[in-house]
Novice: 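Input: one structure, supplied below.
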Amino acid sequence: NALANNSGDFIGEALSDDEKINEIMHKSKPIITVLVGFVGYGKTSFLASCYQILLDSGSIGDYKFVNSDTLVGLEKRLYLRRYNERVKDFSPTTARTRRGERHLLDFSFIDKEDKERLIVLSDHSGEDYQDYVDKKGRIDNDKLILNADRILFFIDSEKLIKPDYLEMFENYKTLLSNMKQHHVFKKSLEVDLLFNKIDIVQNHKDDYHQNKDEIIGLFEDIIEKKIDKIFEVQSNKANDNSELKACFEYIVSSDSHLKALQTNNGAELDWVRNLIKGK
C-alpha cells in the first residue's frame, strides 16, 4: 500500500482529512475503529504501545504486520510516550493540543492464508472530544465516527477513585447524548470500553468497581444496548502486558460488522465517499 498524495507533507504522516483515507489503495473497506477519550486518558500511549508490540514481534496473534501508510504518525506517538515517561513534570498532552491535528492511522496485516487486512484508527486529540461536548454540531464534521465499525471509549481509571470522577461522568454523559442525537449509535456499531491506568487503582478496588459499574450503566442507558467488550489495561506499557496485547489482537482480528466493498476492474476504491453518500 502507498499513498498517492499526502498534500505535500511527509509520506507516512497521519492523515488529517477523513476522506484522504481513500488514497490508501485497498481492495475492500477497512475495519474502522475510532478511539474516543478526553485529555490525558491514554489514547496516544495505547497506540504507541500497540505499535511497539509490532516492532518487537512483527505480529499480533495470527496476523503479521507488513506495512503502514502512516508510519511517521505512529513513530510520533511512540516518541511522545517515551518522552512523557522520562519527563514526568510535563503534561502528557503537551504536543497533542493543536486543533485539526492529524488523526488517521493504519496498520496493514496478512493472515496465515496471506489474506490482507487493513485496520484504520481515528485518533483525535482529547481537546477535539471536549469540543464535541461543548459544541455538539462539530460531530457532523467527523465522518469516520459517523461511519465507524467500532468505537473504543477510553475511561481514565484513576479518575474513578478521585473527586474529579463526577467531571468525567458528566462529560461522557453529554458527549454520548450529543453522539446519540447525531445518530452515531447505529445497530451495526460495536461499542467497547477500555479502562486505562488499571495499575493505579489496585489499592482502591472498592471505589473503582463501584464507579466502574456506574459509568458502564451510563453508557448502556444512553446507547440503549449492552457494551460489546470491556478491557482493563495499562496502556503506557508494551512489554509483558497481556491485557493490552489481548485488546489489540481483538481489534485486529475481529470481523464484526465488516462489509467488504470490492473494487470493479481494479478501479480505485472510494469507500468513504460511498459510505457518506449512502451507496
Novice: Applying side-chain contact (heavy atoms from CB on, under 4.5 Å) between Phe107 and each of Leu74, Val252, Val120, report the one that passes.
Specialist: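 Of the listed options, the one satisfying the test is Leu74.
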
Novice: Hey, are the side chains of Tyr51 and Leu105 touching, using non-hydrogen atoms and a 4.5 Å cut-off?
Specialist: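 Of all side-chain heavy-atom pairs linking Leu105 with Tyr51, none is under 4.5 Å.
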
Novice: For Asp207 and Tyr165, what are the C-alpha separation, side-chain angles and deciding distance, and is it a side chain to side chain contact (heavy atoms under 4.5 Å, CB included)?
Specialist: CA-CA 11 Å; Asp207 289 340; Tyr165 163 62; over 6 Å; no

Novice: Hey, could you give me the OG/CD1 distance between Ser157 and Ile200, rounded to the nearest 0.5 Å?
Specialist: 8.5 Å

Novice: Ile215 and Ile155: which non-hydrogen atoms are nearest, and at how many Å?
Specialist: CD1-CD1, 4.3 Å

Novice: Assigning hydrophobic clusters by single linkage (Ile, Leu, Val, Met, Phe, Trp, Tyr; side-chain heavy-atom cutoff under 4.5 Å), is Leu166 placed with Tyr129?
Specialist: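 Different hydrophobic clusters.
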
Novice: Any chance you could lay out the side-chain hydrogen bond (donor to acceptor under 3.5 Å, both in side chains) test for Asp142 and Tyr132, step after step, and finish with the verdict?
Specialist: CA-CA 10 Å; Asp142 192 333; Tyr132 293 0; 2.9 Å; yes

Novice: Within the structure provided, determine whether Leu104 and Leu144 are in side-chain contact (heavy-atom separation under 4.5 Å).
Specialist: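 A side-chain contact exists here, since the closest heavy-atom pair is under 4.5 Å.
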
Novice: For Phe109 and Ile60, what are the C-alpha separation, side-chain angles and deciding distance, and is it a side chain to side chain contact (heavy atoms under 4.5 Å, CB included)?
Specialist: CA-CA 9 Å; Phe109 299 90; Ile60 184 74; 3.8 Å; yes

Novice: Asn236 side chain to Ser45 main-chain N or O, any donor-acceptor pair under 3.5 Å?
Specialist: no

Novice: Can you name the nearest heavy-atom pair linking Ser49 to Ala238, along with the distance?
Specialist: O-CB, 3.8 Å

Novice: Which heavy atom of Glu190 sits nearest a heavy atom of Asp228, and at what distance?
Specialist: CA-OD2, 3.4 Å

Novice: Report yes if the side chains of Leu152 and Val36 come closer than 4.5 Å at any heavy-atom pair, otherwise no.
Specialist: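 No. Closest side-chain heavy atoms not under 4.5 Å.
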
Novice: Other members of the hydrophobic cluster containing Val66, with the 4.5 Å side-chain heavy-atom rule, please.
Specialist: Ile110

Novice: Does Asp106 reach the main-chain N or O of Ser68 with its side chain, forming a donor-acceptor pair under 3.5 Å?
Specialist: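 Side chain of Asp106 to backbone of Ser68, a donor-acceptor pair under 3.5 Å: no, none is there.
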
Novice: Got Leu35 and Phe154 here, is their nearest side-chain heavy-atom distance under 4.5 Å?
Specialist: yes

Novice: Could you give all pairs that pass the ring pair (Phe, Tyr, Trp, His ring centres under 6.0 Å) test and reach residues 185-226, with sequence neighbours left out?
Specialist: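 Those involving residues 185-226 are Phe153-Phe219, Tyr172-Phe219.
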
Novice: I'd like to know whether NZ of Lys186 has more than 12 heavy-atom contacts from other residues, nucleotides or ligands below 6.0 angstrom.
Specialist: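 Check passes, neighbour count above 12.
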
Novice: Using a strict threshold of under 4.0 Å (side-chain N to carboxylate O), is an ion pair present between Asp123 and Arg77?
Specialist: yes

Novice: For the CD1 atom of Ile227 and the CG atom of Leu193, what is their distance to the nearest 0.5 Å?
Specialist: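 So the CD1 of Ile227 and the CG of Leu193 are separated by 4.0 Å.
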
Novice: Starting at CD1 of Ile139, measure out to CG of Asp128 and round the result to the nearest 0.5 Å.
Specialist: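 One finds 11.5 Å between CD1 of Ile139 and CG of Asp128.
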
Novice: I'd like to know whether NZ of Lys205 has more than 12 heavy-atom contacts from other residues, nucleotides or ligands below 6.0 angstrom.
Specialist: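 Not more than 12 within 6.0 Å, no.
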
Novice: If you measure from the Lys or Arg side-chain nitrogens to the Asp or Glu carboxylate oxygens, is any gap between Lys237 and Asp240 under 4.0 Å?
Specialist: no

Novice: Please find the pair of heavy atoms, one from Ile216 and one from Ile230, that lie closest to each other, and give the distance.
Specialist: CD1-CD1, 3.6 Å

Novice: Any side-chain heavy atom of Asn211 sitting closer than 4.5 Å to one from Phe169?
Specialist: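 Heavy-atom side-chain distance check fails, nothing below 4.5 Å.
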
Novice: Which distance, rounded to the nearest 0.5 Å, do you find between the NZ of Lys64 and the CG of Asp114?
Specialist: 8.5 Å

Novice: Can you tell me how the ring of Tyr250 sits relative to the ring of Phe231, calling it parallel under 30°, perpendicular over 60° and tilted otherwise?
Specialist: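 If you compare the ring of Tyr250 with that of Phe231, the planes turn out tilted.
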
Novice: With a 4.5 Å limit on heavy-atom distance, are the side chains of Ile145 and Met179 in contact?
Specialist: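 Of all side-chain heavy-atom pairs linking Met179 with Ile145, at least one is under 4.5 Å.
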
Novice: Under 6.0 Å from the CG atom of Asp56, do we count more than 12 heavy atoms belonging to anything else shown?
Specialist: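 For Asp56, atom CG is crowded (more than 12 foreign heavy atoms under 6.0 Å).
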
Novice: Counting distance only, does the side-chain N/O of Asp111 pair as donor-acceptor with the main-chain N or O of Arg117 below 3.5 Å?
Specialist: no

Novice: Would you call Arg150 and Asp192 a salt bridge, using N to O less than 4.0 angstrom?
Specialist: yes

Novice: Output, in order, the C-alpha distance, side-chain angles, deciding distance and verdict of side chain to side chain contact (heavy atoms under 4.5 Å, CB included) for Asn171 and Met168.
Specialist: CA-CA 5 Å; Asn171 273 336; Met168 177 173 68; 5.7 Å; no

Novice: State whether the side chain of Asn67 and the backbone N or O of Ser108 hold a donor-acceptor pair below 3.5 Å, judged by distance alone.
Specialist: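 Answer holds: no.
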
Novice: Is it true that a side-chain atom of Gln130 and a backbone atom of Gly126 form a donor plus acceptor pair closer than 3.5 Å?
Specialist: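 No.
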
Novice: State, yes or no, whether a side-chain contact exists between Asn196 and Tyr41 at a heavy-atom distance under 4.5 Å.
Specialist: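 No - every pair of side-chain heavy atoms lies 4.5 Å or more apart.
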
Novice: Out of curiosity, Asn178 CG to Asp131 CG, how far, rounded to the nearest 0.5 Å?
Specialist: 11.5 Å

Novice: For the pair Lys245 and Glu249, find out whether any cationic side-chain nitrogen is under 4.0 Å from an anionic carboxylate oxygen.
Specialist: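 The answer is no: the pair does not qualify as a salt bridge.
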
Novice: Begin from the C-alpha positions of Val191 and Lys225 and carry the test side chain to side chain contact (heavy atoms under 4.5 Å, CB included) through to its verdict.
Specialist: CA-CA 9 Å; Val191 178; Lys225 73 166 193 169; 4.2 Å; yes

Novice: Return the minimal non-hydrogen interatomic distance between Lys43 and Ser125, and the atom names on each side.
Specialist: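 Shortest heavy-atom separation between Lys43 and Ser125 comes out as NZ-C, 4.1 Å.
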
Novice: How far does CG of Leu244 sit from CG of Leu194, to the nearest 0.5 angstrom?
Specialist: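 Taking CG in Leu244 and CG in Leu194, the distance rounds to 7.5 Å.
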
Novice: Show the nearest heavy-atom pair for residues Lys136 and His182, with the distance to one decimal.
Specialist: O-CE1, 3.1 Å

Novice: Which residues pass the side chain to side chain donor-acceptor pair (under 3.5 Å) test with Asp213, not counting sequence neighbours?
Specialist: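 Partners of Asp213 under the side chain to side chain donor-acceptor pair (under 3.5 Å) test: none.
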
Novice: Do Lys180 side-chain atoms and Ile222 backbone N/O form a donor-acceptor pair below 3.5 Å?
Specialist: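 Yes; at least one donor-acceptor contact below 3.5 Å.
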
Novice: For residues Ile151 and Val184, determine if any side-chain heavy atom of one lies less than 4.5 Å from a side-chain heavy atom of the other.
Specialist: yes

